[in-house]
Amino acid sequence: MPRFAANLSLMYTELPFLARFAAAARDGFQAVEYLFPYAYPAEELAELLDKYGLQQVLFNAPPGGRNLQEMAQAWDTGMRGTLCLNGQEDSFRNGVWEALRYAQVLQCPRIHVMSGLIPNGAARYALRSRVLSNLRWAAQAAADVGVDIMIEPINHRDMPGYYLQTQDQAHSLAQTVAAPNLKVQMDLYHCQITEGDVASKLRQYLPTGRVGHIQIAGVPERQEPDVGELNYRYLFSVIDALGYSGWVGCEYRPRQDTSQGLAWMATLL
């Protein structure tokens, strides 16, 4: 049976962010993930994890910014990552360093580096050398402190112009860099919208060992996984049959109250 992690950026939004840790633990989650921690001191978040017996399994490196304050505000100002951006190497590296600092305090084994939006007039293929260079550097920096670097394809509807959109693109980068700690974050919601054929994608990529994290949500509304066009009961059986032992992040927006909406676990499992 998959091990589920609550995504505290999308779930429990009826509560202040710092109160969501207790709510997730009360509902039986043993692990959490979220988008960005940079608005809060790492030590404060670590205390909450310890208090409620939770494991931090994933968060994102800053999507931009030159200092901690800017990093905490970067998402709200429209920044979506600097991995593919020429001339932003210092911002990318500073963000990775800050994320690794948080990861060590939070004892989090993986961070996701966002690819960024393709600049106007640029071609995706022309950015590949910059992306590979940044990933090689990030993978080495993270390996030195025992952390995995994640890259994630994001669908064209939710984030138009995002550099990384398909599983094939992500796995090609990971295979080229060939760093053991560079992995792909496989969000089945994004995969279904962009590519479909999700079960076949799982069978193709999970055996490679390059999938380091899975995320789920109903399609197309990104609500609980018991609604929409994906058959998660079947997909969970595929994941189990393939021997995946990592975490499955619940990155969905509850239709109403988060806790009441968790009935899908009993229904689908």
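- A side-chain donor-acceptor contact under 3.5 Å links T194 to the backbone of H190.
- Under the 3.5 Å distance criterion, with hydrogens and angles disregarded, no donor-acceptor pair is assigned to the side chains of Y162 and N155.
- Here the straight-line distance linking atom CD1 of I151 with atom CD1 of I149 works out to 10.0 Å at 0.5 Å rounding.
- No hydrogens or angles considered: nothing links the side chains of S245 and R3 as a donor-acceptor pair under 3.5 Å.
- Hydrophobic clustering keeps Y205 apart from M150 (ILVMFWY residues linked when any side-chain heavy atoms are closer than 4.5 Å, directly or through intermediates).
- To the nearest 0.5 Å, atom CG of residue L68 and atom CD of residue Q73 are 10.0 Å apart.
- Atom CD of residue E195 and atom CD of residue Q192 lie 10.0 Å apart, to the nearest 0.5 angstrom.
- Between the side chains of E98 and N94, not a single donor N or O lies within less than 3.5 Å of an accepting N or O.
- Under 3.5 Å, the side chains of S200 and D197 contain a donor-acceptor pair of N or O atoms.
- Under a hydrophobic-cluster definition in which Ile, Leu, Val, Met, Phe, Trp and Tyr are linked whenever side-chain heavy atoms come within less than 4.5 Å, directly or via other members, V32 and F59 are assigned to the same cluster.
- For the residue pair S9 and R20, the shortest heavy atom distance occurs at O-NH1, 3.9 Å.
- A donor-acceptor pair under 3.5 Å links the side-chain atoms of Q169 to the main chain of T166, judged by distance alone.
- Between the side chains of E33 and H213, at least one donor-acceptor pair of N or O atoms lies under 3.5 Å.
- Y38 and W75 share no side-chain donor-acceptor pair at under 3.5 Å.
- Under a 3.5 Å cut-off, the side chain of N134 and the backbone N or O of L83 do form a donor-acceptor pair.
- Around atom CG of D90, no more than 12 heavy atoms belonging to other residues, nucleotides or ligands sit under 6.0 Å away.
- Between the Q260 side chain and the Q256 main chain, no donor and acceptor come within less than 3.5 Å of each other.
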Any chance you could lay out the side-chain hydrogen bond (donor to acceptor under 3.5 Å, both in side chains) test for D226 and T267, step after step, and finish with the verdict? CA-CA 8 Å; D226 61 344; T267 301; 5.4 Å; no
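- At a cut-off of 3.5 Å, with distance as the only test, no side-chain donor of Q55 or Q30 sits close to an acceptor on the other residue.
- Expressed to the nearest 0.5 Å, how far CD1 of I216 lies from CD1 of I239 amounts to 7.5 Å.
- Q107 CD: 12 or fewer foreign heavy atoms inside a 6.0 Å radius.
- Distance check, rounded to the nearest 0.5 Å: CZ of F92 to CE of M114 gives 12.0 Å.
- At a threshold of 4.5 Å between non-hydrogen side-chain atoms, the residues D257 and E14 count as touching.
- Counting heavy-atom neighbours within 6.0 Å of E229 CD, excluding the residue itself, gives a total above 12.
- Looking at E89 and R130, a side-chain N of the basic residue comes within less than 4.0 Å of a carboxylate O on the acidic one, giving a salt bridge.
- Atoms CG and CD1, from N60 and I111 in turn, are 9.0 Å apart once rounded to the nearest 0.5 Å.
- When each of Y102, Y40, F17 is tested with Y34 by the rule ring-ring contact (aromatic ring centres under 6.0 Å, His included), just one qualifies, namely F17.
- Linking Ile, Leu, Val, Met, Phe, Trp and Tyr residues whenever their side-chain heavy atoms come within less than 4.5 Å leaves L49 and V57 in two separate clusters.
- Side chain to side chain, T82 and R93 fail the donor-acceptor criterion of an N or O pair below 3.5 Å.
- With respect to E251 and R222, a salt bridge is recorded, a charged nitrogen being found less than 4.0 Å from a carboxylate O.
- Between the side chains of Y189 and D158, at least one donor N or O sits under 3.5 Å from an acceptor N or O.
- In terms of modelled atom types and a separation under 3.5 Å, the side chain of E43 and the main chain of L45 share no donor-acceptor contact.
- A continuous path of hydrophobic side-chain contacts links Y12 to Y52 [ILVMFWY only; heavy atoms under 4.5 Å].
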Full working for side-chain contact (heavy atoms from CB on, under 4.5 Å) between Q140 and N181: CA-CA 8 Å; Q140 182 58 63; N181 67 324; over 6 Å; no
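- What you find for Y252 and P254 is that their closest heavy atoms are O-CD, 3.4 Å.
- Under the 4.5 Å side-chain contact rule for hydrophobic residues, L188 and L268 share a cluster.
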